[in-house]
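So the structure is just underneath, and the comments pick up after that.
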Amino acid sequence: MSDYLRYTLPYHLSLLSGVVLGLFSLLFVFLFFVSNLKARKEHASVPSSLPWVGTKPELFSAIRANFRGLIDSVNLFTQGYRKYSKADEIYVVPTWTKGPQVILPPSMGQWLSSRPDAILNAKDCTFETAQFTYTVGHPEITSNDMIDLLIKRELTKKTGALNDVILQEIEGSMEGIFGTDGEWREVGVFDSLTRTVGRAANRIFVGKELCSNMDFVMAGTHFARDISVSSYILHLFPKFMKPVVAWFATIPNRRHSGIAMKYLKPLIRQRIADMKQKAADPTYAWEEPNDFITWMVRESFKRNTEDETSVYALAYRVVLLNFAAITTTTIMSTNALLDIWSSPNSEELVAALREEAQHVLHEHNGEWTKAAVAKLHRLDSAIRESARISGVGGTAMARRVRTDDGITLPNGLVVPKNSTVGVSMDGLHFDEAYYDRVNEFDPFRFSRPREEPGYGDKPRANEDLVTTSVHWLPFSHGIHACPGRFFAANNIKMILAQILLNYDIQPFPSRPPNISLGDISVVPVKATMMIRRRNVKA
Ligand code: HEM
């Protein structure tokens, strides 16, 4: 028998590999057909009078156009902007994750930014793009108001007042990763900033003990990455196949959110118990931490549904908060660091930024108070300019039409229910009508006017990092402008100021390029930098 097996094994193996290959080929062809049908249906929902970019009369034209939207979207958005937006016309871009995007010209930006959710919905769009139903689940938690409310009512109001504890975490993280001995080290830019941003923000989200636990912090950021990856896969499939595909595609999502939940649940259970005991007995020897968990538990005491009060639901909200906060902040920090240290005159630029940080810190007795961070005008401008030139691109202010009869745009065109409308971020960020020398990274573009004599007397639009406009859109604009931007901007400025004050980075010979993926531009996550401590610690 064993001789027979040995003799026939190669034959059986080749037969098996043939069958497997055949099955995969069949699956591929099936997917291609099904995806093309799905894409055709989506494309047909857009008013036929509108011009498209990125489509051609060719076999399987719909799925091939979407594929072009996956690999070449920056180019498509820019082409469309130059040809149509500049002529005040509307155009359509095929995308992989959002379906066809109806792109409005700048003249309709302000109108778009102020439409109420009942007509043009922001969350419908985010949820569909990231396939929240499958990648995140828990619709009762994701569509609840508690996170947005607490960011606006608590986090933003306290931003600045908690900088002393945030600084401790920034310093602790940097000393651990960059060293204190003055030796040059090669470290990943994105990785080191993820850890620092994650630890600093989580100091305010979950408190001192958990924020420096990298198993927890990295699980949160991996969960954010898992959501993107699994959503890209799911966009390939028609609705009826998604539940099955999602079960496999979201295995990492469940694993990483599970790790974060493992740490969060006991913390929240204990906080609820302590807060209840303190309320019942004011002499109870326990001091309430000033963090997001405390604010959230306090808010949950006013609510009465399971989705707003259970330990699970509250813990899951913190996972979602990490999803919204950490990778976004890390991307903006990474772009700013790469743009500053790759600029042609980076030595002078770094010297000017460092001089500002030293001067401001000295003026504020060595403390990064709210007022001190607000005075970092040059650094603020450099980050804002980096977000303009290296921003994520794609569709900004993307909104889904909610109303059954569709929506009538300002030019009279009716766009049907479930279409997605928005504006082109890169088109606007690179439009000469709003910015001079659009392709140049001009770090002091926004701070230069402030340093001119007599600036105080000039009536000028405020152009700080947190100020959104229809032509500066990294945080979006209007009723859904990112509520976390005050906290994010505060932390990015403190992180970069600490690097300027305490570390040397070797300038990059050229800017490690961002890559275009889906309808966005992604930072080079593998780029490394040479960094050393300046003021060596004993
Ligand atoms: C540099 C960092 C960040 C960037 C670039 C960013 C960007 C954005 C963008 C583009 C939106 C979509 C707005 C729209 O639909 O028009 C958004 C929404 C949101 N962001 Fe941020 N964000 C950042 C940091 C944060 C942080 C730190 C938090 C939490 C503390 C946060 C919480 C949220 C929430 C809750 C929403 C949903 C708001 C709504 O639907 O009304 N973000 N953000």
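Just follow the structure's listing: the first ligand is 1, and inside any ligand the first atom is 1. All residue numbers in this chain count up from 1 along the given sequence.
Counting heavy atoms under 4.0 Å from ligand 1, residue Leu155 touches it through the side chain alone. Residue Ile331 does not touch ligand 1, judged by heavy-atom distances below 4.0 Å.
Counting non-hydrogen atoms of other residues, nucleotides and ligands closer than 6.0 Å to CZ of Arg255 gives a total of 12 or fewer. Other residues, nucleotides and ligands contribute more than 12 heavy atoms inside 6.0 Å of the NZ atom of Lys302.
Residue Thr329 has no N or O atom closer than 3.5 Å to an N or O atom of ligand 1. Polar contact check, Ser476 against ligand 1: a nitrogen or oxygen pair lies under 3.5 Å apart.
Closest protein heavy atom to atom 39 (C) of ligand 1: His480 ND1, 3.3 Å. The single protein non-hydrogen atom nearest to atom 35 (C) of ligand 1 is Asp148 OD1, 3.3 Å, given as residue, atom name and distance. Of all protein heavy atoms, the one closest to atom 29 (C) of ligand 1 is Ile151 CD1, 3.6 Å. Among protein heavy atoms, the minimum distance from atom 19 (C) of ligand 1 is reached at Pro483 CD, 3.7 Å. Remark: minimum distance from atom 28 (C) of ligand 1 to any protein heavy atom is reached at Gly484 CA, 3.6 Å. The nearest protein atom to atom 27 (C) of ligand 1, hydrogens excluded, is given as Ala325 CB, 3.4 Å; this is a heavy-atom distance. Scanning the protein for heavy atoms near atom 22 (N) of ligand 1, the closest one is Cys482 SG, 3.0 Å.
Donor-acceptor pairing under 3.5 Å is lacking for the side chains of Asp442 and Tyr435. Thr294 and Asp291 are linked by a side-chain donor-acceptor pair at a separation below 3.5 angstrom, with hydrogens and angles left out of the test.
Of all atoms in ligand 1, listed by their number and element, those nearer than 4.0 Å to a heavy atom of Arg399 are 14 (C), 15 (O), 16 (O). Counting atoms of ligand 1 from 1 in the listed order, those under 4.0 Å from a heavy atom of Met332 are 1 (C), 5 (C). Taking a cut-off of under 4.0 Å to the non-hydrogen atoms of Pro474, the atoms of ligand 1 that pass are 5 (C), 7 (C), 10 (C). Residue-ligand proximity, Thr328 to ligand 1, at heavy-atom distances under 4.0 Å covers atoms 1 (C), 2 (C), 3 (C), 4 (C), 23 (C), 24 (C).
Less than 6.0 angstrom separates the ring centroid of His471 from the ring centroid of Tyr434.
Between His480 atom NE2 and Arg115 atom CZ the span is 12.0 Å, to the nearest 0.5 Å. Atom-to-atom distance recorded for Phe205:CZ and Leu150:CG is 11.5 Å, nearest 0.5 angstrom.
Relative to the six-membered ring of Trp472, Arg384 meets both conditions, a distance below 6.0 Å and an angle of at most 45° to the axis.
At a 4.0 Å cut-off, at least one heavy atom of Lys123 sits close enough to ligand 1 to count as contact. Using a 4.0 angstrom heavy-atom cutoff, His477 does not count as in contact with ligand 1.
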* Please step through salt bridge (Lys or Arg N to Asp or Glu O under 4.0 Å) for the pair Lys208 and Glu169, ending with a clear verdict. => CA-CA 9 Å; Lys208 180 138 193 68; Glu169 302 308 329; 3.2 Å; yes

* Decide yes or no on side chain to side chain contact (heavy atoms under 4.5 Å, CB included) for Asp307 and Tyr312, but give the supporting numbers first. => CA-CA 8 Å; Asp307 310 324; Tyr312 184 93; over 6 Å; no

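Lys123 and Asp117 are not joined by a salt bridge, as no carboxylate oxygen comes within less than 4.0 angstrom of a charged side-chain nitrogen.
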